[in-house]
Amino acid sequence: MGEFDGKGKYVQAALRDGMTADEAVYREKLREDRVRALGHGFVRWRWADLTDPGRLRCKLLATGLRPLLATGLRPGCGTSSPANQKLVR
């Protein structure tokens with residue numbers, strides 16, 4: 001499991017639904033703990049990761065996702081990642 005993690009929800013009160021920034025962080029950590037307790041890996045990505053597909057790919061692979069290869073290329077970080085590869089659990 002994963003999610004985009006921007007800082008807007010911590011610095012813009014309108015995005016926190018009436019919570020303080022401290023409470024938003026605490027609730028986020030509790031939610032993440034519940035997801036991890038189900039046995040799922042968890043990863044967060046930021047804008048910088050989205051602008052560098054290789055970095056995002058490495059983060060996803062590190063949490064246990066594996067590519068379905070439509071080509072003969074080896075899966076893994078640092079290998080080329082054709083657009084037709086899909087990541088699966």
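Both backbone and side-chain heavy atoms feed into the values below; hydrogens, waters and symmetry mates do not.
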same_hphob_cluster([X], [Y]) at 4.5 Å side-chain heavy-atom cutoff:
{"X": "Tyr10", "Y": "Leu30", "result": "no"}
{"X": "Leu56", "Y": "Trp47", "result": "yes"}
{"X": "Val25", "Y": "Leu15", "result": "no"}

[X] [atom1]: over 12 foreign heavy atoms closer than 6.0 Å:
{"X": "Arg27", "atom1": "CZ", "result": "no"}
{"X": "Phe42", "atom1": "CZ", "result": "yes"}
{"X": "Lys29", "atom1": "NZ", "result": "yes"}
{"X": "Asp17", "atom1": "CG", "result": "no"}

Are Arg57 and Leu60 close enough that some pair of their side-chain heavy atoms sits under 4.5 Å apart? no

Taking side chain as C-beta onward, heavy atoms only, is Trp45 less than 4.5 Å from Arg55? no

[atom1] of [X] to [atom2] of [Y]: how many Å apart, nearest 0.5 Å?
{"X": "Lys7", "Y": "Arg46", "atom1": "NZ", "atom2": "CZ", "value": "10.5 Å"}
{"X": "Arg44", "Y": "Glu28", "atom1": "CZ", "atom2": "CD", "value": "4.0 Å"}
{"X": "Leu61", "Y": "Lys59", "atom1": "CG", "atom2": "NZ", "value": "13.0 Å"}

Between Met19 and Arg16, which heavy-atom pair has the shortest distance, and what is it? O-NE, 2.9 Å

